Amino acid sequence: MTDIEKRRDYIAKVFEERKTERDKLKLQKQLEAKEFQSDVENDAYFFNTFSAEIAEINEDIEKLKNAAAQLTDSEKNEDFLAINSRCEQARTFLRDSTRFLNKHRIQSCSEAVDGILQKTSALRSEIQPKKKFTFKSRKIASKAPTATVESTEDKNKKFSIECGFQDKSKEILTIKDVNDRNVELDNIQDCIIHIEGNPSTVHCRHIKQSTILIGPVTTSVFIDSCNDSVFALSCQQLRCHDSSFCQFYLHVTSNAIIENCKKFEFAENTYSYSDMKKDYDRSKLNETNNWMNVKDFNWLSDTEASPNWSKISHSEMIHDWTDKLVIETTRIANLSSS
């Protein structure tokens, strides 16, 4: 092969390599453009769908507000649960779409759901004002720290839809036979409370340094502004807001949801009492337990665990509740006598 032929081959090879490189670069740009277009289309689809859902939820809130006077408390509760469920679905849709959404979109949509939840809470306070509780109880005598007190009401009267305790401190309290009723605990500090039976829902607000033991709940348990407390419960859904430093011994068939919460710990429910199996059967809760499936609405990452909750190790779990209750009863008795 002559020098001229060698040079021609060399030049042809260089041109071929350059063409291959240009083709690769062109393909890469096409793929990037296609991916960008896909993300733009996904963002548009998400925003349209999410906005429509938020608008419909707002319409449901207005309908409930306008029809409140004609609805029973039970019907109102059902509507509130339906609205909260739709808010949860919207939040889940947002969390599942964060891969292709920018930070501004994520924040604005999260705030939209927060706004609806605040509006719902305000409406609940407006059309379902809290009732004063009339249960009688007596404080623990310091010389008899293991005594328990059962809540009482006129034997000839039935429980209202809302029943429970309010403004209690340094006491041991028990509610029994609350089947299908809405139980409320409000402003409780340094107490042990037993709820035995099958409530429809349970609302716990402003609980501090207390132990709350709840029988199987047919639907939801709501925790709001609670701190430094231990809860043992079984339910379909657990929703927690604005709380911290709480332990949950949990059986939940759907999921646990936390928002604006920190320092939460979870373990499988180990608490039991006599006739609890009968209450489980009545509640129709199934054997599925998603106690580890905690959804943190303040933590949208799918790849990193939320720093706001953790699991209780087996060695640190409460296995014998008798020991726990003796310790707490003694602590409360000491507070009562000081």
Side-chain angles (χ1 to χ4, degrees), residues 121 124-125 129-153 162-176 178 181-196 199 201-215 217 220-233 235 238-250 258-267 269 271 273 308-309 312 318 321-338:
S121 178
R124 184 188 289 273
S125 299
K130 290 190 290 186
K131 299 178 181 180
K132 294 295 182 180
F133 300 114
T134 58
F135 294 105
K136 298 179 181 179
S137 61
R138 55 183 175 85
K139 292 188 175 181
I140 307 168
S142 58
K143 294 183 179 179
T146 58
T148 60
V149 181
E150 183 174 339
S151 62
T152 59
E153 194 178 46
E162 296 180 346
C163 63
F165 295 106
Q166 186 178 42
D167 301 327
K168 298 296 181 182
S169 176
K170 305 171 187 176
E171 300 183 55
I172 295 180
L173 306 164
T174 300
I175 307 175
K176 293 186 177 181
V178 293
R181 294 179 172 87
N182 180 23
V183 177
E184 297 197 30
L185 305 176
D186 184 32
N187 194 25
I188 307 294
Q189 182 165 359
D190 294 309
C191 290
I192 299 173
I193 295 182
H194 302 261
I195 301 174
E196 297 184 8
T201 61
V202 176
H203 296 258
C204 298
R205 308 183 190 93
H206 307 290
I207 311 292
K208 295 181 180 179
Q209 297 176 322
S210 297
T211 300
I212 311 298
L213 309 172
I214 305 173
V217 181
S220 299
V221 175
F222 299 92
I223 307 292
D224 187 23
S225 302
C226 298
N227 299 282
D228 299 303
S229 296
V230 176
F231 297 85
L233 57 97
C235 60
L238 172 67
R239 297 184 63 94
C240 305
H241 299 275
D242 302 314
S243 302
S244 61
F245 295 95
C246 291
Q247 284 191 339
F248 292 88
Y249 288 81
L250 180 64
I258 65 175
E259 186 170 24
N260 298 330
C261 298
K262 63 180 181 180
K263 301 296 182 182
F264 270 23
E265 294 182 316
F266 290 86
N269 192 359
Y271 172 70
Y273 57 85
N308 298 316
W309 71 275
I312 305 173
I318 300 173
W321 284 88
T322 301
D323 292 343
K324 166 68 175 176
L325 295 178
V326 167
I327 293 171
E328 283 300 296
T329 301
T330 304
R331 182 181 71 84
I332 294 170
N334 291 335
L335 290 173
S336 299
S337 61
S338 60

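Please read all numbers here as calculations on a predicted model, not as lab measurements.
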TODO: Report the C-alpha separation of Asn260 and His241 in whole Å, then their side-chain angles, then the decisive distance to 0.1 Å, and conclude whether the side chain to side chain contact (heavy atoms under 4.5 Å, CB included) test is met.
DONE: CA-CA 6 Å; Asn260 298 330; His241 299 275; 5.9 Å; no
Task: Arg205 with Glu184: basic N within carboxylate O range, under 4.0 Å - done: yes
For residues [X] and [Y], report the shortest heavy-atom separation together with the two atoms involved.
X      : Y      : answer
Lys168 : Leu173 : CG-CD1, 3.7 Å
Asn269 : Ala232 : OD1-CB, 3.9 Å
Val183 : Gly164 : CG1-CA, 4.3 Å
Cys204 : Cys226 : O-SG, 3.6 Å
His203 : Phe222 : CE1-CD1, 3.3 Å
Ser337 : Asn334 : OG-O, 3.1 Å

A side-chain contact here means heavy atoms from C-beta on lying under 4.5 Å apart; do [X] and [Y] qualify?
X      : Y      : answer
Arg331 : Leu335 : yes
Leu213 : Tyr273 : no
Val178 : Cys163 : yes
Phe165 : Cys191 : no

Look up atom [atom1] in [X] and atom [atom2] in [Y], then write down how far apart they are to the nearest 0.5 Å.
X      : Y      : atom1 : atom2 : value
Cys235 : Ile214 : SG    : CD1   : 8.0 Å
Asn308 : Cys240 : CG    : SG    : 12.0 Å
Leu325 : Tyr271 : CG    : OH    : 7.0 Å
Ile332 : Thr211 : CD1   : OG1   : 7.0 Å
Asp167 : Asn187 : CG    : CG    : 4.5 Å
Ile195 : Leu233 : CD1   : CG    : 9.5 Å

TODO: Ignoring hydrogens and angles, state whether a donor on the side chain of Ser169 or Asp190 is under 3.5 Å from an acceptor on the partner side chain.
DONE: no
TODO: Go through the side-chain N and O atoms of Asn182 and Thr201 and say whether any donor and acceptor fall under 3.5 Å apart.
DONE: yes
Task: Asp228: partners by side chain to side chain contact (heavy atoms under 4.5 Å, CB included), with sequence neighbours left out - done: Gln209, Phe245
Task: Pair Val230-Lys324, side chain to side chain contact (heavy atoms under 4.5 Å, CB included): steps then yes or no - done: CA-CA 10 Å; Val230 176; Lys324 166 68 175 176; 4.1 Å; yes
- [ ] Check step by step if ring-ring contact (aromatic ring centres under 6.0 Å, His included) holds for Trp309 and Phe248.
- [x] CA-CA 11 Å; Trp309 71 275; Phe248 292 88; over 10 Å; no
- [ ] Check whether any side-chain N or O of Ser243 sits under 3.5 Å from a backbone N or O of Ser225 as a donor-acceptor pair, and report yes or no.
- [x] yes
- [ ] Among Asp242, Val202, Ile258, Leu238, find the residue that satisfies the side-chain contact (heavy atoms from CB on, under 4.5 Å) test when tested with Ile223.
- [x] Leu238
Task: For Glu265, all residues meeting side chain to side chain donor-acceptor pair (under 3.5 Å), sequence neighbours excluded - done: Gln247
